[in-house]
Chemist: 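Attaching a single structure in structure tokens format; questions to follow.
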Amino acid sequence: MDISRLAEVDSCTWSLAADAREGRREARLYGTRELVAAMDDKVLEQIGNVAKLPGLVGPAMAMPDAHWGYGFPIGGVAAFDPEQGGIISAGGVGFDISCGIRCLRTDLAKGDILQVARKLSDGLFRDIPAGVGEGGNLRLTVQELDRVLEHGARWAVQEGFGEEADLEFIEDHGCAKGADPTCVSPLAKSRQLGEMGTLGSGNHYLEVQWVDRVLDAEAAEAFGVAEGQVVVSIHCGSRGLGHQIGTDFLVSLAKAATRLGIALPDRELACAPIRSPEGEQYFGAMNAATNCALANRQILAHITRGVFRHFFPKARVETLFDVSHNTCKPEEHEVGGRKRLLYVHRKGATRAFGPGNPTLPARYRAVGQPVVIGGSMGTGSWILAGSETSEARAYSSASHGAGRAMSRNAALKRWQGRQLVDQLGEQGIIIRTRSMRGAAEEAPGAYKDVELVAEATEKAGLARRVASLRPLICVKG
DNA sequence: ATGTGC
């Protein structure tokens with residue numbers, strides 16, 4: 001991107017000035033000069049378009065891992081005031097509603113895994129349903145699914161998938177408020193009846209990792225992680241249900257925008273006022289999809305525990321945290337000296353509440369919310385903590401991953417899946433997948449350097465680095 | 001992201 005159009009506010013903050021004639025408010029990109037300059041021009045165009053939407057409060061923002069998405073960039077954050085005509089947008093949440101990462105900490109050491117790595121990868125690959133259209137071991141009725149959509153991970157725990165103690169460490173304690181299954185189409189529900197407890201495809205994965213380096217000893221202790229310790233990260237979302245809701249509401253919100261005379265800078269930014277029938281219906285459906293994703297990750301965490309217990313009967317496998325990456329949440333934030341209720345869209349961005357936030361588990365409250373930056377296949381990941389400055393910087397938001405640097409098609413031309421899997425194997429990283437095409441699309445080289453993203457996230461004041469993770473086993477969707 | 005794509 002041509003950064004000469006941007007003002008350098010500080011070394012990690014780049015501003016596209018408001019333009020009254022174009023009806024555009026400020027757009028802001030966070031990241032080092034190198035990361036922002038390497039982003040596609042489309043990121044600037046898209047975040048500039050978001051800055052034209054009604055009821056925006058503060059700048060439209062892009063996180064350091066941002067890249068081109070549908071309407072909003074992935075890595076986009078924007079807050080809207082419902083009392084000022086603020087909108088809600090399906091493109092601002094993303095198709096995979098509440099896609100996110102469940103992070104489990106174990107009391108195992110890297111050496112324990114190395115002794116059984118191949119067999120453990122067999123067990124995970126056998127028991128974790130993964131891949132396009134891959135069904136799970138559950139078949140629900142519509143009535144049962146409605147309970148999933150209302151109660152989220154709580155439903156899963158009640159059904160015997162996991163432990164009550166997991167719920168404290170899930171965003172919203174495992175159940176998103178405002179879910180309304182009656183806003184979800186029969187088609188969206190039917191697509192999900194056989195897909196609870198499945199990983200999906202694309203960038204989704206389950207990874208067994210070890211803690212390579214601790215940078216913040218106090219936060220690491222609060223999070224219960226230490227160097228050499230093994231953790232498991234499960235990255236997945238709301239599967240067919242969330243995708244169908246996104247598809248359904250793009251149409252419904254576009255009609256609402258036309259009816260209400262909202263000028264859309266891009267038709268992919270279909271949206272409706274938060275206080276409108278279509279806006280409220282999308283909010284109800286989106287939260288239902290969030291509960292689907294939270295239940296999905298809860299079931300997968302339970303399956304993972306089962307596989308680990310087979311090899312390590314006494315191992316502790318506890319939920320460190322579960323963060324969503326694709327959400328729109330009503331939150332109170334201080335703007336101009338007063339608290340305001342805002343609907344914060346985070347698309348490919350993590351909520352990152354800072355120290356002292358009363359909704360955080362007591363164990364983490366003093367250090368801030370755990371934030372997981374998921375790396376690309378076979379590279380590193382990071383655990384961070386929400387920082388004091390995150391609220392003022394980005395309504396308490398941070399990066400969610402390495403972020404793509406190259407399209408899937410470009411990656412397919414450049415890499416071969418089998419070769420990548422073999423190369424990573426030589427580095428001691430076991431990749432298990434049913435799709436070599438998917439593996440090529442997910443080539444590490446098609447992503448930004450996660451080290452640079454994590455560093456920039458900290459420098460930009462969005463979250464501070466706690467511990468880096470290195471992969472041992474990766475089950476790819 | 002996706003019973004991947006009209």
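Note on naming: letters A, B, ... go to the chains in the order of the sequence lines (proteins, then strands), and numbering restarts at 1 for each one. Because only heavy atoms are used, hydrogens play no part in the values below, and waters and symmetry mates are left out as well, while side chains stay in.
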Chemist: Is A:S201 near enough to B:dT2 that one of its side-chain N or O atoms lies under 4.0 angstrom from OP1 or OP2?
Modeler: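 Indeed, a polar side-chain atom of A:S201 lies that close.
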
Chemist: Whole Å only: how far is the CZ atom of A:R437 from the P atom of B:dT2?
Modeler: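 Between P of B:dT2 and CZ of A:R437: 14 Å.
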
Chemist: State, without any angle test, whether A:H400 and A:N326 hold a side-chain donor-acceptor pair at a distance under 3.5 Å.
Modeler: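 No donor-acceptor contact under 3.5 Å links the two side chains.
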
Chemist: Need one value for A:G242: base, sugar-phosphate or nothing, where a base atom within 4.0 Å counts as base even if backbone is also close, heavy atoms only.
Modeler: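 Touches nothing.
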
Chemist: In whole angstrom, give the distance that lies between atom CD of A:E441 and atom C1' of B:dT4.
Modeler: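 My rounded result for the distance is 9 Å.
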
Chemist: Can you tell me the distance, in whole Å, between the CZ atom of A:R239 and the C1' atom of B:dT2?
Modeler: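 Answer to the nearest Å: 8 Å.
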
Chemist: NA contact type, A:G202, heavy-atom cut-off 4.0 Å: base, sugar-phosphate, or nothing?
Modeler: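 The answer is sugar-phosphate, as A:G202 gets under 4.0 Å only of primed atoms, P, OP1 or OP2.
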
Chemist: Just checking A:G94: base, sugar-phosphate only, or nothing, at a heavy-atom cut-off of under 4.0 Å?
Modeler: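 The residue A:G94 makes no contact with any strand.
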
Chemist: Please figure out whether A:S435 or A:E442 has its closest DNA chain B nucleotide nearer the 5' end.
Modeler: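 Checking each residue's closest nucleotide, the 5'-ward one belongs to A:E442.
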
Chemist: When the distance from CD of A:E195 to P of B:dT4 is rounded to whole Å, what number comes out?
Modeler: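 Going from CD in A:E195 over to P in B:dT4 covers 11 Å.
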
Chemist: NZ of A:K189 versus C1' of B:dT2: gap in Å, rounded?
Modeler: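 So the NZ-C1' distance, A:K189 to B:dT2, works out to 20 Å.
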
Chemist: Can you list every salt bridge (charged side-chain N to carboxylate O under 4.0 Å, His left out) pair that touches residues 56-68 of chain A, not counting sequence neighbours?
Modeler: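 Listed by first then second residue: nothing to list.
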
Chemist: How is A:L187 classified with respect to the nucleic acid when contacts are heavy atoms under 4.0 Å: base, sugar-phosphate, or nothing?
Modeler: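 Base contact.
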
Chemist: Quickly work out the A:D248 CG to B:dT2 P distance and round it to whole Å.
Modeler: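 It is 16 Å, rounded to the nearest whole Å.
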
Chemist: Aromatic rings A:H345 and A:F72: how do their planes relate, parallel, tilted or perpendicular, breaks at 30° and 60°?
Modeler: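 Ring orientation of A:H345 relative to A:F72: parallel.
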
Chemist: May I ask you to check whether A:T457 and A:S399 show a side-chain donor-acceptor distance below 3.5 Å?
Modeler: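 Short answer, yes.
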
Chemist: What residues, two or more places apart in sequence or in another chain, satisfy salt bridge (charged side-chain N to carboxylate O under 4.0 Å, His left out) together with A:E268?
Modeler: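 None.
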
Chemist: For the pair made of CZ in A:R434 and P in B:dT4, what is the distance, rounded to whole Å?
Modeler: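 Going from A:R434 (CZ) to B:dT4 (P), I get 17 Å.
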
Chemist: Whole angstrom is fine here: how far is it from CD1 in A:I245 over to C1' in B:dT2?
Modeler: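 Answer to the nearest Å: 13 Å.
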
